[in-house]
Amino acid sequence: MIDTTTLFEIEDAHTSGAYPKRPTALLRGEGVYAYDEQGNRYLDATSGQGVTALGHCHPAITQAVTEQAQTLITCPEAFYNDRRAELYELLVSITPADLNRFFFCNSGAEAIEGALKVAKLLTQREGIVATKRAFHGRTTGALSMTWTPKYRKPFQSWLPHVTHIAYGDIEAAREVITEDTAAIVVEAVQGEGGVYPADPEYLQALREICDTTGTLLIIDEIQAGIGRTGKWFAFEHAGIVPDIFTMGKAIAGGLPMGAVCWREAHGQIPRSTHGSTFGGNPLVCATSIATLTTIRDENLVQQAAENGRWFLEQLEALNLQSVREVRGRGLMIGLELRGRVTPILKALQEDHSILALPAGLTTLRFLPPLIITRDELQTIVDAVAQVLD
Ligand SMILES: *Cc1c(COP(=O)(O)O)cnc(C)c1O
């Protein structure tokens, strides 16, 4: 066992440098709590970036991982597998309309890459439209649609055929989406960009524009999906059905998994046009099944809707001078501050043992596990009131 000072030194000596890091090591987790190297307990309102929908080490997940690890861990899609079949059926039961075709992969960015390839294959078109403030991941294709110049600029010359338009601007969408556009990619609630929920009318207008031009509507549900916003998928708030949508983060309750889903009406993609070594392996499929059935059986989507609304109302009722706006849907909540978010995150962690996230430079973001109780949310509200007073 490495002693804790050494742990920091080793990481610093070898990390890529890509990550801004907090001087805290998380060594253990249970439910909504995570524990650091000194045994301090934190209320984890990050869910590890929206991943642990059921909290840390939920018994259903631990059991699924353990049992499947003793049965079969890997099985490429060149073979059939019982867990994968079961997961397909479960996903079909929670997706609307004929969203019945899936490609399984290992991360959000990979799901976005997959969605782009599917769109290209289905339409034989080049053009992609994305939105300002969007975040779709860090691989080359996904990055080309991500907005933040800090992430994208050093690689800009690699990324053709993408036009960015303002999020929510229907006229701009009408102007740039044409019969040469393969797809428009959009988050139903922008996460990383500052927690901006789309107006239902915006997504409805995009649906109509796509229908008119034969463009595919891709919704990125990697952060907002799997119950977080109080619906299984955030596009459901607008009552629309996308052609393609992506999943990641919470889909397997903590294990790395991504998925692309598209409408049966569009058919399959041609043989050998895509693939993944680890994608859809039995271990993550079993864990995803445990995650989704627990969310369904414990009614956590409804609970996220109700507790999220209550949480947002409590935060608004604080009426804090230093807060410009409280935004969000379900348990995906952002407070846009008048100042920088970094000192606020530090104060929440150090003075109140609460872990929260930034979304851009000035938005404080909460992505608590869906199992969080009102008492625990109240603890966050009280801490916010003190820290932002
Ligand atoms: C996190 C995120 C991604 C990227 O997922 P990774 O697993 O980090 O590659 C893509 N889109 C959205 C909306 C995200 O929140």
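Counting from 1, the numbers follow the sequence of the chain as shown. Atoms within each ligand, like the ligands themselves, are counted from 1 in listed order. Because the structure is a prediction, the values reported are computed rather than measured.
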Is it the case that ligand 1 has an N or O less than 3.5 angstrom from some N or O of Gly108? yes
Answer yes or no on whether Arg84 is positioned over the face of Phe104, meaning its NZ or CZ is under 6.0 Å from the six-membered ring centre and within 45° of the axis. no
Grouping ILVMFWY residues whenever side-chain heavy atoms fall under 4.5 Å, the cluster of Tyr42 otherwise contains Leu26, Leu355
Taking all non-hydrogen atoms of both residues, which atom of Val185 and which atom of Met145 are closest, and how far apart? CG2-SD, 3.5 Å
Tell me: protein heavy atom nearest atom 2 (C) of ligand 1, and distance? Lys249 NZ, 2.6 Å
For ligand 1, the portion of Glu192 having any non-hydrogen atom under 4.0 Å away: neither
Could you say whether the N/O atoms of Gln223 and ligand 1 ever approach to under 3.5 Å? yes
What protein heavy atom sits nearest atom 9 (O) of ligand 1, and how far away is it? Ala109 N, 2.7 Å
Check this for me, if you would: do Arg174 and Glu208 make a salt bridge, where the nitrogen-to-carboxylate-oxygen distance has to be below 4.0 angstrom? yes
Is atom 15 (O) of ligand 1 less than 4.0 angstrom from some protein heavy atom? yes
Would one find an N or O of Ile112, backbone or side chain, under 3.5 Å from an N or O of ligand 1? no
What atoms of ligand 1 come closer than 4.0 angstrom to any heavy atom of Glu187? 13 (C)
Let me confirm one number: the CD1-OG1 distance from Ile61 to Thr294, rounded to the nearest 0.5 Å. 7.0 Å
Identify which one of Phe135, Trp147, Tyr202 satisfies the ring pair (Phe, Tyr, Trp, His ring centres under 6.0 Å) criterion when paired with Tyr167. Tyr202
Students should be able to answer this: which protein heavy-atom is nearest to atom 11 (N) of ligand 1, and at what distance? Asp220 OD2, 2.7 Å
Indicate, with yes or no, if the rings of Phe245 and Phe233 have centres closer together than 6.0 Å. yes
